[in-house]
Amino acid sequence: MIHPHLSKPVAAALLLAAMSGMSACSSLGMAKVPTCSEYAAMSSDSGLTGSLTKDQAKAIDNILTKHNKQSDSSNEMIAALQIVAYCNIVGTKAESHPDDPIDGIPGLAD
């Protein structure tokens, strides 16, 4: 049992640590933007089939949010097509810009 006069400071410290951890996690999710190669490897096809994997959708949603755009299915599909074209994704490989992050694509960053 924690001594009574230590319980409030300990509780406050734990709460502060938890809050700091939560904000770090959410900012980490936004900070990690996949490269063209990483994005291409998230699916077994080029992405032109019209269906995104969960990882691809999450990456695109993070980018849309980062650029203050609405994260809806229409914007997701537009972004996905821009990514496929910019990265020149064939199968699971990015034939162009393999090491470039996908959030710098003209049109997505505007």
Side-chain angles (χ1 to χ4, degrees):
M1 181 173 169
I2 299 173
H3 195 277
H5 74 281
L6 293 178
S7 62
K8 285 185 183 178
V10 169
L14 289 174
L15 180 61
L16 183 60
M19 289 172 56
S20 298
M22 282 189 280
S23 64
C25 289
S26 62
S27 65
L28 269 178
M30 293 297 289
K32 176 63 178 143
V33 175
T35 63
C36 283
S37 292
E38 291 168 337
Y39 181 85
M42 291 178 183
S43 179
S44 60
D45 63 37
S46 66
L48 293 175
T49 61
S51 59
L52 300 171
T53 66
K54 288 180 184 179
D55 289 335
Q56 287 175 319
K58 183 176 179 179
I60 290 172
D61 287 343
N62 282 344
I63 292 167
L64 292 172
T65 301
K66 178 179 176 182
H67 294 291
N68 297 318
K69 295 188 178 189
Q70 189 172 5
S71 177
D72 58 21
S73 60
S74 177
N75 282 342
E76 280 181 354
M77 291 316 300
I78 291 168
L81 291 174
Q82 289 175 318
I83 293 166
V84 169
Y86 178 79
C87 299
N88 191 20
I89 297 175
V90 178
T92 60
K93 295 193 186 275
E95 299 292 329
S96 301
H97 310 281
D99 299 322
D100 293 343
I102 62 172
D103 72 337
I105 295 172
L108 283 179
D110 298 341

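Bear in mind that the values here come from a model prediction, so they are computed numbers and not experimental data.
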Do you know the tightest heavy-atom contact between [X] and [Y]?
X	Y	result
Q70	N75	O-ND2, 2.7 Å
E95	V90	CG-CG2, 3.8 Å
A94	P98	O-CB, 4.0 Å
S71	E76	OG-OE2, 4.2 Å

Task: Among I63, D61, L64, the one residue meeting side-chain contact (heavy atoms from CB on, under 4.5 Å) with K69 - done: L64

TODO: In sequence, state the C-alpha distance, the side-chain angles, and the governing distance for I102 and Y86, and then conclude on side chain to side chain contact (heavy atoms under 4.5 Å, CB included).
DONE: CA-CA 9 Å; I102 62 172; Y86 178 79; over 6 Å; no

Nearest 0.5 Å, please: how far is [atom2] in [Y] from [atom1] in [X]?
X	Y	atom1	atom2	result
I60	I78	CD1	CD1	11.0 Å
I105	I83	CD1	CD1	5.0 Å
Y39	L52	OH	CG	5.0 Å

- [ ] For the pair T35 (side chain) and D99 (backbone), establish whether a donor and an acceptor sit closer than 3.5 Å, ignoring hydrogens and angles.
- [x] no

Open item on the list: For T53, give me all partners under side chain to side chain contact (heavy atoms under 4.5 Å, CB included), at least two apart in sequence or on another chain.
Closed with: M42, S43, D55, Q56

